[in-house]
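Notes for the one structure printed next.
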Amino acid sequence: MFLYTVTGKVGQEGYLDIEKSGDLTGKNVYVNMTNKCPCSCVFCLRQTKKQQENNTLWLKEGEPSVEEVLALCDKFDLSVINELVFCGFGEPLERLDDVCAVIDALKKKYPELKVRLNTIGLANLIYGRDVTPELAGRIDTVSISLNAPEEKEFLELTRSRFGIKSYEAMKEFAVLAKKYVPNVVMTVVEQVMPEDKIEKCRSICEGLGVTLRVRPFEN
Ligand code: SF4
């Protein structure tokens, strides 16, 4: 399932294939183009093979091509949706060029389309260069999972393949992205993170000049 809406229900019922989503007016439509990720977060649903295979977001048939994503999008009127969100079961920027190609085609058709990218913020480490200029004119909101108020805890939680430098790189990504993206947000999850740590994250975000969004806990 690579194009879906979110119902608000917990578990598998929480994701609804776009073909079964009914009227899309005012809804967010999510795009899931890859299973790949540089992290292996302790809380991630991708953690075990069984969980992966049982999850409707796991791309069993492999990653959809740009053409397949656009062909499915073409079946719907995306001018009525609230936001198109690149997220998914992996890190969307693992397919940077393809994500850009999809957005370019859709923004040509829908110039007012609002696009959000949910990311772990490690794309500059994945590519070994600053990729944030490529977000310009394509992404309206970048939402980066901050996860922790310091580097050691971030690494323990995300188990990033890039090691301890990941945290600083993620923060740098947020600052660089501000030059090209109107709205840069960092997120933490309430209840999962104690209040004192949330406050530390808040002051980190203030220092970086980005907004902290405390997301509700969903189990
Ligand atoms: S960054 Fe996201 S997709 Fe990647 S392992 Fe962590 S929670 Fe899962």
Side-chain angles (χ1 to χ4, degrees), residues 1-4 6 10-12 14-15 28 30-64 69 84-96 98-99 102 115-127 131-132 135 139 141-174 176-177 184-193 197-198 201 204-205 210 212-219:
M1 184 164 79
F2 56 86
L3 222 53
Y4 62 98
V6 173
V10 170
Q12 293 294 304
Y15 313 112
N28 289 349
Y30 294 81
V31 189
N32 166 30
M33 284 175 64
T34 187
N35 292 326
K36 287 195 217 108
C37 185
C39 296
S40 172
C41 297
V42 292
F43 49 79
C44 185
L45 296 169
R46 307 152 75 249
Q47 265 209 84
T48 66
K49 202 165 185 321
K50 195 162 163 255
Q51 277 175 319
Q52 287 174 355
E53 283 167 358
N54 290 341
N55 196 294
T56 48
L57 294 184
W58 182 253
L59 298 166
K60 292 187 189 73
E61 314 295 323
E63 295 180 339
V69 175
L84 189 72
V85 186
F86 286 81
C87 60
F89 220 39
E91 163 56 52
L93 293 186
E94 285 276 6
R95 291 186 67 188
L96 174 66
D98 292 342
V99 165
V102 167
V115 179
R116 171 164 38 115
L117 167 71
N118 288 353
T119 177
I120 192 68
L122 299 179
N124 290 352
L125 291 179
I126 296 173
Y127 294 96
V131 302
T132 55
L135 308 181
I139 306 290
T141 300
V142 168
S143 179
I144 303 166
S145 311
L146 180 58
N147 280 311
E150 51 85 25
E151 62 183 19
K152 199 165 160 285
E153 188 179 342
F154 180 84
L155 183 58
E156 280 165 9
L157 286 172
T158 63
R159 299 184 289 189
S160 162
R161 72 179 165 91
F162 297 111
I164 199 70
K165 66 183 176 188
S166 301
Y167 192 66
E168 283 307 312
M170 176 268 300
K171 289 196 297 178
E172 186 187 48
F173 180 87
L176 292 168
V184 178
V185 178
M186 291 183 129
T187 64
V188 293
V189 182
E190 73 179 356
Q191 291 179 45
V192 173
M193 186 179 276
K197 284 189 182 175
I198 290 179
C201 289
I204 287 168
C205 288
V210 302
L212 179 74
R213 189 167 86 85
V214 182
R215 293 191 290 123
F217 175 69
E218 290 155 6
N219 57 11

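What you see below is based on every heavy atom in this structure, not just the backbone, and it leaves out hydrogens, waters and symmetry mates. Read the numbers this way: they start at 1 and go in the same order the structure lists the ligands and their atoms. All residue numbers refer to positions in the sequence shown, counting from 1.
Among the atoms of Cys39, no N, O or S atom falls under 2.8 Å of atom 8 (Fe) of ligand 1.
Near Phe89, the atoms of ligand 1 lying under 4.0 angstrom from a non-hydrogen atom of the residue are 3 (S).
Among all protein heavy atoms, the one lying closest to atom 4 (Fe) of ligand 1 is Cys37 SG, 2.3 Å. The protein atom (non-hydrogen) at minimum distance from atom 8 (Fe) of ligand 1 is Cys44 SG, 2.3 Å.
Side-chain contact between Asn118 and Val85 is present, with heavy atoms from C-beta onward closer than 4.5 Å. Residues Leu3 and Val31 form a side-chain contact, since some pair of their non-hydrogen atoms from C-beta on lies under 4.5 Å apart.
Each of Lys152, Glu172, Glu153, Glu151 was evaluated against Tyr167; a single residue qualifies, Glu151, per the side chain to side chain contact (heavy atoms under 4.5 Å, CB included) test.
Taking 4.0 Å as the cut-off between side-chain N and carboxylate O, Glu168 and Lys165 do not count as a salt-bridged pair.
Side chain of Tyr127 to main chain of Leu93: a donor-acceptor pair is present (N/O by atom type, distance under 3.5 Å, no hydrogens or angles).
Both the backbone and the side chain of Cys41 come within contact range of ligand 1, each with a heavy atom under 4.0 Å.
Within the 4.0 Å cut-off (strictly below), no protein heavy atom is located near atom 2 (Fe) of ligand 1.
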